[in-house]
Amino acid sequence: MKVALLTTPQARYADYWRAFLSELDLEPARPRAPYDTWLEAGRGSLPGEPLLVQLALGEILSLGTQVDAVLVPAGLPVHDDAWSGAFAELLPQRIAGLPPLVAVPDEPQALAAAAADLGQRLVGNAALVRRALEQVQPLGQPERREEWPALQRASQVSVGVIGPRSLLAHPELSAGLWQALSRYSLFPVPAHTLPTSQVSDRGERLSDPRAQAGDRWLYGAARLLEGKGAVQGLVLVAPMQDAGLQAALERVAAELHKPTLLLTLDAGQTEWPELAGFAARLGAGTGAE
């Protein structure tokens with residue numbers, strides 16, 4: 001049996017799921033096509049959908065047809081955005097012939113129960129599943145990291161960068177943004193590198209009754225960074241064509257007091273003209289090199 005773990009969500013507990021599949025002696029399914037072809041395939045099938053949906057679809061298509069299941073780590077849903085809360089359920093309704101997509105949690109308190117159920121479905125061997133759960137248990141512990149990332153760098157102006165983990169933690173998608181910020185002497189402090197418990201605690205202060213987990217995470221990260229004296233402004237980044245996340249970030253921006261800039265990011269993008277004025281407003285460099 002061949003099982004894949006979707007990488008596009010950039011899950012926090014990806015190592016847990018990979019190790020669990022290995023302990024069950026399942027063969028990992030890997031993409032047959034290189035990363036730089038995934039988006040083209042996804043856009044060809046779903047041209048009007050958000051960047052991250054297109055990229056995930058392209059990754060799934062690149063696995064080929066001989067795949068028994070694809071595990072899809074759940075993201076944090078935001079208000080009025082169906083894809084963020086039900087990707088694994090919605091995608092097969094839009095695209096026929098995909099391998100079975102299995103949503104799995106990315107929160108520590110839900111891992112063990114979901115893994116036990118999944119393991120029984122995949123291998124039907126209770127003893128093997130129990131042993132696998134015991135082996136991977138250390139990888140499923142809640143994050144206890146309370147250390148903050150660096151908030152300053154000499155000769156640069158610090159800015160908090162707020163956006164979904166699936167975008168900011170994605171090494172290929174986010175690379176152009178980090179390079180662009182550096183050209184304008186802006187030092188990024190990404191939201192996904194902050195202490196998780198502190199982001200969660202601050203997010204609970206959001207009073208919007210419509211807010212879902214993703215809204216609270218974005219709000220919590222933004223307010224946490226805004227409270228740091230070293231952080232002079234905030235850059236809020238939504239994936240291209242993602243109206244739901246863009247609206248969520250606009251709601252967050254309305255709650256902030258420090259200078260903010262809202263951007264959209266496309267795959268391979270390296271230039272944002274808006275950064276020039278924002279950097280000047282913060283007293284950073286001109287972007288010329």
Side-chain angles (χ1 to χ4, degrees), residues 10 76 78 143 145-208 211 214-240 242 245-266 269-289:
Q10 296 295 306
L76 295 177
V78 299
E143 294 175 326
R145 175 178 55 84
E146 294 298 322
E147 299 84 2
W148 275 73
L151 295 178
Q152 290 178 298
R153 179 176 291 174
S155 75
Q156 293 186 320
V157 173
S158 297
V159 292
V161 183
I162 311 301
R165 178 185 176 85
S166 51
L167 184 67
L168 300 186
H170 196 294
E172 288 89 356
L173 288 180
S174 61
L177 177 62
W178 309 139
Q179 294 166 9
L181 291 170
S182 179
R183 286 198 302 272
Y184 286 97
S185 299
L186 296 173
F187 177 63
V189 185
H192 70 281
T193 65
L194 302 179
T196 303
S197 63
Q198 294 185 40
V199 173
S200 297
D201 290 345
R202 190 62 59 94
E204 289 304 314
R205 302 181 189 180
L206 180 60
S207 59
D208 187 346
D215 299 285
R216 295 189 181 281
W217 187 87
L218 294 168
Y219 173 85
R223 293 306 300 266
L224 202 58
L225 282 168
E226 186 180 45
K228 295 297 180 181
V231 175
Q232 300 301 305
L234 295 109
V235 178
L236 286 72
V237 189
M240 184 63 70
D242 198 324
L245 270 165
Q246 187 166 352
L249 290 170
E250 289 171 353
R251 291 191 293 271
V252 170
E255 300 283 340
L256 302 176
H257 305 289
K258 287 185 176 179
T260 63
L261 177 65
L262 286 108
L263 301 175
T264 57
L265 185 154
D266 200 0
Q269 187 172 357
T270 59
E271 299 290 340
W272 287 266
E274 309 97 309
L275 279 174
F278 188 66
R281 183 182 177 189
L282 299 181
T286 63
E289 287 190 344

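Reckoned from all heavy atoms, side chains included, excluding hydrogens, waters and symmetry mates. Predicted, not measured: the structure shown is a model, and the values here were computed from it.
- What you find for Ala279 and Leu186 is that their closest heavy atoms are CB-CD1, 4.2 Å.
- Residues Trp148 and Leu225 are in side-chain contact: their nearest non-hydrogen atoms beyond the backbone lie under 4.5 Å apart.
- Here the closest non-hydrogen pair linking Gln152 and Ala230 is CG-CB, 3.5 Å.
- Here the shortest heavy-atom pairing between Asp215 and Ala248 reads OD1-CB, 3.6 Å.
- Looking at every heavy atom in both residues, Trp217 comes nearest to Gly163 through CZ3-O, 3.2 Å.
- Looking at residues two or more places apart in sequence or on another chain, you find no side chain to side chain contact (heavy atoms under 4.5 Å, CB included) involving Asp201.
- One distance of note links CD of Glu255 with CG of Asp208; it measures 8.0 Å at 0.5 Å rounding.
- Taken to the nearest 0.5 Å, the CG atom of Leu224 stands 9.0 Å off from the CZ atom of Arg205.
- When side chains are defined from C-beta on, Leu256 counts as touching Leu236, because their heavy atoms get closer than 4.5 Å.
- For the pair Arg216 (side chain) and Ser200 (backbone), a donor-acceptor distance under 3.5 Å is absent.
- For the pair Val159/Leu282, a side-chain contact is recorded, criterion being any heavy-atom separation below 4.5 Å from C-beta on.
- Closest heavy-atom contact between Ala221 and Ala191: CB-CB, 3.7 Å.
- Atom CZ of residue Phe187 and atom CZ of residue Arg153 lie 4.5 Å apart, to the nearest 0.5 angstrom.
- Remark: Ser197 OG to Glu143 CD distance equals 9.5 Å, nearest 0.5 Å.
- In this structure a side-chain-to-backbone donor-acceptor pair under 3.5 Å is present from Arg165 to Gln10.
- Here Glu250 pairs with Gln246, Leu262 under the side chain to side chain contact (heavy atoms under 4.5 Å, CB included) rule; sequence neighbours left out.
- With a 4.5 Å cut-off on side-chain heavy atoms, Met240 and Leu265 do not count as touching.
- A side-chain donor-acceptor contact under 3.5 Å links Ser174 to the backbone of His170.
- Side-chain atoms of Pro164 and Pro239, non-hydrogen and from C-beta on, do get closer than 4.5 Å to each other.
- Side-chain atoms of Asp266 do not come within 3.5 Å of backbone N or O of Gln269 as any donor-acceptor pair.
- A donor-acceptor distance shorter than 3.5 angstrom exists from the side chain of Trp272 to the backbone of Thr264, with no hydrogens or angles considered.
- One finds a salt bridge joining Glu271 and Arg183 here, because a Lys/Arg side-chain nitrogen approaches an Asp/Glu carboxylate oxygen to under 4.0 Å.
- Results of the side-chain contact (heavy atoms from CB on, under 4.5 Å) test with His192 over Leu168, Ile162, Leu167, Val161 single out Leu168 as the only residue that passes.
- At least one side-chain heavy atom of Glu274 sits less than 4.5 Å from a side-chain heavy atom of Leu263.
- Residue Pro188 comes nearest to Leu181 through the heavy atom pair CB-CD1, 3.7 Å, listed as atom of the first residue, atom of the second, then distance.
- Side-chain N or O atoms of Lys258 include one that pairs as donor or acceptor with a backbone N or O of Val231 at under 3.5 Å.
- Proximity of a side-chain donor or acceptor of Glu226 to a complementary backbone N or O of His257 within less than 3.5 Å is detected.
- With a 4.5 Å cut-off on side-chain heavy atoms, Phe278 and Val235 count as touching.
- Note that CG of Leu218 and CG of Leu245 are 6.5 Å apart. Values are rounded to the nearest 0.5 Å.
- Contact check for Ser158 versus Gln232: no side-chain heavy atoms found under the 4.5 Å cut-off.
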